[in-house]
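As structure tokens, the structure follows; a few thoughts come after it.
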Protein chains: 2
Amino acid sequence: MGAQAQRRPTLDEVALRAGVSRSVASRAINNARDVSRNARDAVQKAVRELEYVPNPTAKALATSRAGTVLLAVSHDDLGLFADPFFAHVIVGINAALEKTDLVLMLLLADSERGRERLERVLRSRRADGIMLLALHGDDPLYRLAQSLDLPVVVGGRPIHGEPTWYVDADNRGGARLATEHLISAGRQRIAAITGGQDTHAGMARHQGYREAMAVAGLDGSRTEPSDFTELGGVAAMTRLLERYPDLDAVFAASDNMAAGAIRALKAAGRSVPEDVAVVGFDDLPIARNTVPALTTIHQPVQALGQEMAKMLIDLMAGEQPNPLLLRTHLVVRASAP
Amino acid sequence: MGAQAQRRPTLDEVALRAGVSRSVASRAINNARDVSRNARDAVQKAVRELEYVPNPTAKALATSRAGTVLLAVSHDDLGLFADPFFAHVIVGINAALEKTDLVLMLLLADSERGRERLERVLRSRRADGIMLLALHGDDPLYRLAQSLDLPVVVGGRPIHGEPTWYVDADNRGGARLATEHLISAGRQRIAAITGGQDTHAGMARHQGYREAMAVAGLDGSRTEPSDFTELGGVAAMTRLLERYPDLDAVFAASDNMAAGAIRALKAAGRSVPEDVAVVGFDDLPIARNTVPALTTIHQPVQALGQEMAKMLIDLMAGEQPNPLLLRTHLVVRASAP
DNA sequence: AAGTGGACTGGAAGCGCTTCCAGTATCGCC
DNA sequence: GGCGATACTGGAAGCGCTTCCAGTCCACTT
């Protein structure tokens, strides 16, 4: 460490040096009103000379605003956190926060213990606002945050009780897009592998598929439930082939499941996309690494994070922003040209 | 929000209700000494009844400890942050922090603006300790943290000036492992695609390769520099094939480059692993999705995060832990059986 | 010349907690 | 029974900042 533990200058010393009172110095620094041009200049000079940096803790105590926002991820399986999805969300959040003085706190809760800790952090008001990610069903966390009178923005939507403020990808629209792409390519017997129907995304993507099929007057009942994972995709595809050996296309509600489906199709001797076209959802890196590369629905994950943070900032400023649905788009690759 | 903004109970009220003075209440809550059994019980009861949660800001001000640690990622290309590497590190850090009262702050700095912000956060001592990730060369951040007299733990090692406290994977050992595997499989003309030689990992992996080759009495000069990316791997492999058309194996210093190398080899009509065996480094998810699946070196990324956090905690407690090198191991898949 | 409003100032009271320290019970011991 | 030692207690002084509020000062009106 080396350097002697030098005491940092306080506002008092700045004021002293600038020849003004502490309150003036404070106002000058937070550029509030009622500070003369002279005083402001003198304070700025003193700040520079002393290398003064305000003590955020003291400020927080005085204003009772922590100056932080919390990103909470509550999920039993943190392996899921490894999904690039989260990283992109965080990059987006970071970008939005960069324009402010807010600092991001991150809390992952996988265990009961972790959730208690999260609850304590919330209750202690270490953060002025909270962003919730990957809520399963009716996560108690949401209710807690609500009851604590803290601004909450949810990324994605929990299944029960639509939160007042959320940012989500347009899952239903994306699934329609995917299905319509298959239809317009002339496919007729289009099956779907659905994701966990205990998540909003799982349901919405299923619904989008059914809508597109209905609009085209096709049979939308060839569906097989699964769980968003690659292994789940393999199993679901295998079952689909047994039940509907004549299918000519599959919409999988996640890229991981789509990758699994491709593996199962190949194992069954079907060629992709000739015999069976496959479309996924998410546009994860894996979509470029399947063979053939995966046609999929891209969702703007980074924008999701950014909009979540923006919405939270608005909320903390007392505004009443509207929930946001982010547009998705089709990325055509080889698995469904 | 609904609920009226109820004022939270303060320590004073707890003390009043428990029939003790505030200082006793404080000591009871922080279970310090000089509190009678009776007093302690009464305080605990009052805490429960009032649902008292201490105000961390006030505590921080009084003790001048923020109760937080910062994870700072300073890198020009935040696309790199999407790498599951970071997510795993964070999961590890989170796990170590869960046992304490420390909260994690996350700051990504890609722009100059972001770096200034990071510097301000450090200077303001919003965090009691800092973990640095992905330092390129001699990041000024490290020096700053040092000069601020803040405990710093570096994940990975910057190229210049070994930091006092770091946790790193044993890159050199891993690269030796990889190369030795190829050698013991009977390969003779083993080339290497190296990663950025302005990073410690890039250099150490290069060195491990050379050592293994030297020990076996083989020519370790067939190397081609690259940049850790898949595209870089394609280009480097292409150049290698031009220069050494007879090579029979490649060690790529990252999985991404290895994936690129495989693509380039296939494009050149070489079969993997028959004509050319390939070994990567990192054991990222992509290693399972290449065709053939990639033999690679696994590094314990989650443990890396966990150990970083543990080391930082020790450091903040005034201890002097030792730098840590985490063992890597070989994962054999199809690309180099 | 006195009065009025506006622009600015600075003393002082907190924000909720920790912790020093002087003080008071309580105890064992000879 | 009196002594010091020990175990506890609670008042009070901060930690560094914001912000209210009672003033001061000045430039204008009428």
Side-chain angles (χ1 to χ4, degrees), chain A residues 5-44 46-47 50-68 101 120-121 123-128, chain B residues 5-44 46-47 50-68 101 120-121 123-128:
Chain A
Q6 68 278 22
R7 223 181 33 69
R8 299 170 45 208
T10 70
L11 186 56
D12 265 325
E13 300 170 47
V14 172
L16 190 65
R17 180 167 198 124
V20 300
S21 82
R22 177 167 33 163
S23 45
V24 177
S26 173
R27 272 184 254 126
I29 284 168
N30 297 302
N31 44 63
R33 7 161 306 179
D34 290 349
V35 179
S36 69
R37 182 102 188 93
N38 274 348
R40 190 175 305 268
D41 289 348
V43 170
Q44 277 168 0
V47 165
L50 261 35
E51 292 192 314
Y52 170 75
V53 181
N55 179 327
T57 306
K59 176 167 186 164
L61 184 59
T63 58
S64 53
R65 310 191 114 264
T68 61
D101 276 332
R120 290 208 29 203
V121 170
R123 282 199 192 284
S124 72
R125 266 201 139 69
R126 283 184 95 116
D128 300 327
Chain B
Q6 70 278 24
R7 220 179 36 68
R8 298 172 46 210
T10 71
L11 186 57
D12 266 324
E13 300 170 46
V14 172
L16 191 65
R17 179 168 199 123
V20 299
S21 81
R22 178 168 31 165
S23 44
V24 177
S26 171
R27 273 185 254 127
I29 285 168
N30 299 302
N31 44 66
R33 8 161 306 180
D34 290 349
V35 179
S36 68
R37 181 101 187 95
N38 274 348
R40 191 176 303 269
D41 289 348
V43 169
Q44 277 168 359
V47 164
L50 261 37
E51 293 191 313
Y52 170 75
V53 181
N55 178 327
T57 308
K59 175 167 187 164
L61 184 58
T63 58
S64 52
R65 309 190 116 265
T68 62
D101 276 333
R120 289 206 31 202
V121 170
R123 280 197 193 285
S124 73
R125 265 200 141 67
R126 281 185 95 117
D128 300 327

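Looking at heavy-atom distances under 4.0 Å, A15(A) makes no contact with the nucleic acid at all. Residue contacts for S26(A): at a heavy-atom cut-off of 4.0 Å it reaches a base atom on one of the strands shown. Residue P54(B) is classed as a sugar-phosphate contact, given heavy-atom separations below 4.0 Å to backbone atoms only. Among the heavy atoms of the strands lying under 4.0 Å from T63(A) are primed sugar atoms or P, OP1, OP2 only; no base atom is included.
Between the side chain of D128(A) and the main chain of G67(A), a donor-acceptor pair closer than 3.5 Å is present. In this structure, the side chain of S26(A) does not engage the main chain of R22(A) through any donor-acceptor pair within 3.5 Å. Looking only at distances, a side-chain donor or acceptor of S124(A) sits under 3.5 Å from a matching main-chain atom of V121(A).
Phosphate proximity of dT18(C) to N30(B): present, with a side-chain N or O under 4.0 Å from OP1 or OP2. Regarding contacts with the backbone of dG16(C), every side-chain N or O of T57(B) stays at 4.0 angstrom or more from both OP1 and OP2.
Judged by distance alone, with hydrogens and angles left aside, S23(A) brings a side-chain donor or acceptor within reach of the base of dG10(C), the pair sitting under 3.5 Å. Donor-acceptor pairing under 3.5 Å, judged by distance alone, is absent between the side chain of R8(A) and the base of dG16(D). Residue-to-nucleotide contacts include no donor-acceptor pair under 3.5 Å from the side chain of S21(A) to the base of dG11(C).
Between R37(A) atom CZ and dC26(D) atom P there is a gap of 20 Å when expressed in whole angstrom units. Distance R27(B) CZ to dA7(D) C1': 11 Å, rounded to the nearest Å. At whole-Å resolution of the value, CG in L61(A) and P in dC15(C) are 9 Å apart. Across the protein-nucleic acid pair, E13(B) atom CD and dC15(C) atom P stand 11 Å apart, rounded to whole Å. One can place CG of L11(B) at 15 Å from C1' of dA12(D), the figure rounded to the nearest angstrom. Rounded to an integer number of Å, the gap from D12(A) CG to dC17(D) C1' is 9 Å. Between N38(B) atom CG and dA25(C) atom C1' there is a gap of 14 Å when expressed in whole angstrom units. Counting to the nearest Å, the P atom of dG14(D) and the CZ atom of R22(B) are 14 Å from each other.
Taking every side-chain heavy atom of S36(A) into account, dC8(C) is the closest of dT9(D), dC15(C), dC8(C). Side-chain atoms of T10(B) lie closest to dC17(C) of the nucleotides dC17(C), dG16(D), dG10(C). Set against dC17(D), dT9(D), dC17(C), the side chain of V35(B) has dT9(D) as its closest nucleotide.
Going from atom OH of Y52(B) over to atom CZ of R8(B) covers 8.0 Å, rounded to the nearest 0.5 Å.
Under the side-chain contact (heavy atoms from CB on, under 4.5 Å) rule, V47(B) has a single partner from V14(B), V53(B), L11(B), which is V14(B).
Under the side-chain hydrogen bond (donor to acceptor under 3.5 Å, both in side chains) criterion, R125(A) pairs with no residue at all, not counting sequence neighbours. Under the side-chain hydrogen bond (donor to acceptor under 3.5 Å, both in side chains) criterion, S21(A) pairs with S23(A), sequence neighbours left out.
Where DNA chain D pairs in unbroken runs of 3 or more (Watson-Crick or G-U, both distances under 3.5 Å), the stems are C:1-30 with D:1-30.
With the nearest nucleotide of DNA chain D identified for both S64(B) and A39(B), A39(B) has the one nearer the 5' end.
Contact between A60(B) and A66(B) at its shortest, heavy atoms only, is CB-CA, 4.1 Å.
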